[in-house]
Amino acid sequence: MLLKKQPLVAFPLVYLGWAYIFWIPVLLSDSSVWAFPNLIWFLIGGASPVVAGLGLAAANGGKEQLEDLWRRLTDWRRIPGRWWLIILLFWLAYDLAMAGLAMLLGVAGEPLDTNWQLFVNPGPLLFLLVLSFVFPAVEEVGLRGFYLEALQQRFSPLVGGLVNGVVWALWHAPFVFFPGYYANTTFHPELYWWMPMIICHTLLIVLVYNRTGRSILAVLIFHAMMNFTGEWLRISPEMYPFMLFGNLALAALLVMFWKSGRQSLPNTC
């Protein structure tokens, strides 16, 4: 059975197949993704990381593997103290550094339009928190908790991260075409820079994952803080293609780090 014999192939088939089947009506619709019934199709399709991750975990490892996923999702003690600082503050530092560099190079006159009112306006804040934290919670359990874990049992962190990132990027590609998906955000992606950026982000996530005892909670928060920080700072649209170069530079540093042999195998607890 494919689900048991080839989980590295089975995961992207279930992950992408489930999502695309339910997202087709949304892509063919002229109505907003947030309108009924498009929202229903979007949410069902968006559950594919959990469907693929938990389904394959149950098929391959049964109760023991499901319990391992739960422990890695909920055990905050797996995360060393210094990594909490990195997880919570990395994207803020990175976005501010890139904004400063963009101003220095003349890429953007006003790279940020920080929304301080967000913290006194519960409606938009709640919407942003949902987008920032709930969706990554759905994604990370299957994509990293199961699939990245399985990939790193066979491949190096670099190869496993690249495969994981490509699959993740393919899952996100339809978001560009969902009617109205980004209507209430400052993020308006284009495939030519967003897809490679997702792959670069994945390599950073691999590093966080391996340095926090394979913690799903760590990568969930890291992913969520990336989303939240970008929307809070209100990164200007012209900044995003420029920020790809920063992501590529970070990815290159990670490749050099892994090639040096200092992290040839994932850390474990």
Side-chain angles (χ1 to χ4, degrees), residues 1-23 26 40-76 78-79 87 130-155 157 159-175 178 195 198-199 201-210 212-227 266 268:
M1 185 179 180
L2 180 63
L3 293 180
K4 288 189 175 182
K5 293 183 178 180
Q6 298 292 336
L8 299 186
V9 176
F11 182 88
L13 290 177
V14 178
Y15 173 65
L16 297 175
W18 176 285
Y20 287 176
I21 287 173
F22 288 102
W23 287 347
V26 183
I40 303 301
W41 297 125
F42 170 70
L43 292 176
I44 295 175
S48 72
V50 172
V51 172
L54 296 186
L56 290 171
N60 285 271
K63 182 180 178 182
E64 181 178 350
Q65 191 163 359
L66 290 173
E67 290 177 344
D68 177 64
L69 285 173
W70 176 252
R71 285 192 298 269
R72 291 189 289 123
L73 177 63
T74 58
D75 186 5
W76 57 269
R78 303 176 77 96
I79 308 172
I87 290 165
V130 169
L131 285 181
S132 298
F133 285 86
V134 175
F135 290 170
V138 173
E139 292 183 73
E140 296 300 333
V141 171
L143 189 65
R144 251 65 78 163
F146 176 82
Y147 192 44
L148 178 60
E149 181 75 8
L151 285 167
Q152 291 196 106
Q153 296 302 318
R154 182 172 299 184
F155 304 112
V159 174
L162 289 173
V163 174
N164 195 262
V166 169
V167 172
W168 193 28
L170 291 173
W171 188 82
H172 275 89
F175 284 49
F178 286 149
M195 297 296 99
I198 288 175
I199 297 171
H201 289 167
T202 304
L203 296 182
L204 292 173
I205 287 172
V206 171
L207 179 67
V208 173
Y209 180 82
N210 287 344
T212 57
R214 302 159 44 243
S215 172
I216 301 171
L217 178 63
V219 295
L220 188 166
I221 298 174
F222 186 69
H223 180 178
M225 290 305 298
M226 175 181 66
N227 295 345
T268 58

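Please read these numbers as outputs of a predicted model, since none were measured by experiment.
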S.K.: Specify the closest pair of heavy atoms between Val14 and Val51, including all atoms of both residues, with the distance to one decimal.
M.R.: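 Scanning both residues completely, I find the closest heavy atoms to be CG1-CG1, 4.4 Å.
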
S.K.: Can you give me the closest heavy-atom contact between Leu8 and Leu151, atom names plus distance?
M.R.: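 Scanning both residues, the minimum pair turns out to be CD2-N, 3.7 Å.
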
S.K.: With a 4.5 Å heavy-atom cut-off, do Asn227 and Leu131 have their side chains touching?
M.R.: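 No, their side chains stay 4.5 Å or more apart.
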
S.K.: Stepwise, does the side chain to side chain contact (heavy atoms under 4.5 Å, CB included) test hold for Leu203 with Leu207?
M.R.: CA-CA 6 Å; Leu203 296 182; Leu207 179 67; over 6 Å; no

S.K.: Could I get the full list of side chain to side chain contact (heavy atoms under 4.5 Å, CB included) partners for Leu43, not counting sequence neighbours?
M.R.: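 Leu43 satisfies side chain to side chain contact (heavy atoms under 4.5 Å, CB included) with Leu39 only.
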
S.K.: Taking side-chain hydrogen bond (donor to acceptor under 3.5 Å, both in side chains) as the cut-off, I'd like each qualifying pair that reaches into residues 44-56, sequence neighbours left out, listed once.
M.R.: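 For residues 44-56, and leaving out neighbouring residues, the side-chain hydrogen bond (donor to acceptor under 3.5 Å, both in side chains) pairs sorted by first residue read Ser48-Trp171.
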
S.K.: To the nearest 0.5 angstrom, please state how far the CD1 atom of Ile205 sits from the CG atom of Asn210.
M.R.: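 The CG atom of Asn210 is 12.0 Å from CD1 of Ile205, to the nearest 0.5 Å.
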
S.K.: Name all residues meeting the side-chain hydrogen bond (donor to acceptor under 3.5 Å, both in side chains) criterion together with Trp23; count only those two or more places apart in sequence or in a different chain, and write none if there are none.
M.R.: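 Result, side-chain hydrogen bond (donor to acceptor under 3.5 Å, both in side chains) vs Trp23: none returned.
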
S.K.: Which heavy atom of Phe22 sits nearest a heavy atom of Val26, and at what distance?
M.R.: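 Smallest interatomic distance, heavy atoms only, reads O-CG2, 4.3 Å.
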
S.K.: When rounded to the nearest 0.5 angstrom, what is the spacing between CH2 in Trp18 and CD1 in Ile44?
M.R.: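 Reported value, rounded in 0.5 Å steps: 7.5 Å.
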
S.K.: If you measure from CG on Asn164 to CD on Glu149, what distance do you get to the nearest 0.5 Å?
M.R.: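 Spacing of CG (Asn164) from CD (Glu149) equals 11.5 Å.
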
S.K.: To the nearest 0.5 Å, how far apart are CD1 in Ile216 and CD in Glu140?
M.R.: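 Reported to 0.5 Å precision, the distance equals 8.5 Å.
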
S.K.: I'd like to check the ring-ring contact (aromatic ring centres under 6.0 Å, His included) partners of Trp41; sequence neighbours left out, ordered by chain and number.
M.R.: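 Not a single residue meets the ring-ring contact (aromatic ring centres under 6.0 Å, His included) criterion with Trp41.
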
S.K.: Kindly write out the residues that satisfy side chain to side chain contact (heavy atoms under 4.5 Å, CB included) with Ile79, not counting sequence neighbours, or none if the list is empty.
M.R.: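 Result, side chain to side chain contact (heavy atoms under 4.5 Å, CB included) vs Ile79: Trp83, Trp84, Ile87, Thr212, Ser215, Leu217, Ala218.
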
S.K.: ring-ring contact (aromatic ring centres under 6.0 Å, His included) with Tyr147: which residues, sequence neighbours excluded?
M.R.: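 Tyr147: ring-ring contact (aromatic ring centres under 6.0 Å, His included) contacts with Phe11.
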
S.K.: If you take all heavy atoms of Ala137 and Leu220, which pair is closest and at what distance?
M.R.: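 Scanning both residues, the minimum pair turns out to be CA-CD1, 3.4 Å.
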
S.K.: What heavy-atom pair brings Tyr15 and Pro49 nearest, and what distance separates the two atoms?
M.R.: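 Scanning both residues, the minimum pair turns out to be CE1-CG, 3.5 Å.
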
S.K.: Could you tell me the separation between the CG atom of Leu148 and the OG1 atom of Thr202, rounded to the nearest 0.5 Å?
M.R.: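 OG1 of Thr202 is found 9.0 Å from CG of Leu148.
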
S.K.: Can you measure from NE2 (His201) to NE2 (His223) and round to the nearest 0.5 angstrom?
M.R.: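 Output value for this atom pair is 9.5 Å.
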
S.K.: With sequence neighbours left out, write down each residue that passes side chain to side chain contact (heavy atoms under 4.5 Å, CB included) with Gln65, or none if nothing qualifies.
M.R.: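 In terms of side chain to side chain contact (heavy atoms under 4.5 Å, CB included), with neighbours along the sequence ignored, Gln65 is linked to Ala57, Asn60, Phe146.
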
S.K.: Does anything in residues 43-61 form a salt bridge (Lys or Arg N to Asp or Glu O under 4.0 Å)? List the pairs, not counting sequence neighbours.
M.R.: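 Every pair satisfying salt bridge (Lys or Arg N to Asp or Glu O under 4.0 Å) with a residue in residues 43-61: there are none.
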
S.K.: Please name the pair of heavy atoms, one in Val206 and one in Gly161, separated by the smallest distance, quoted to 0.1 Å.
M.R.: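 Looking at all heavy atoms of both residues, the shortest contact is CG2-CA, 3.7 Å.
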
S.K.: Have a look at Val219 and tell me which of Arg72, Arg214, Arg144 forms a side-chain contact (heavy atoms from CB on, under 4.5 Å) with it.
M.R.: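 Single side-chain contact (heavy atoms from CB on, under 4.5 Å) partner of Val219 among Arg72, Arg214, Arg144: Arg144.
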
S.K.: Test of understanding: with side chain to side chain contact (heavy atoms under 4.5 Å, CB included), list the residues that count as partners of Met225, not counting sequence neighbours.
M.R.: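 Applying side chain to side chain contact (heavy atoms under 4.5 Å, CB included) to Met225 gives Leu88, Trp91, Phe133, Ile221, Thr229.
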
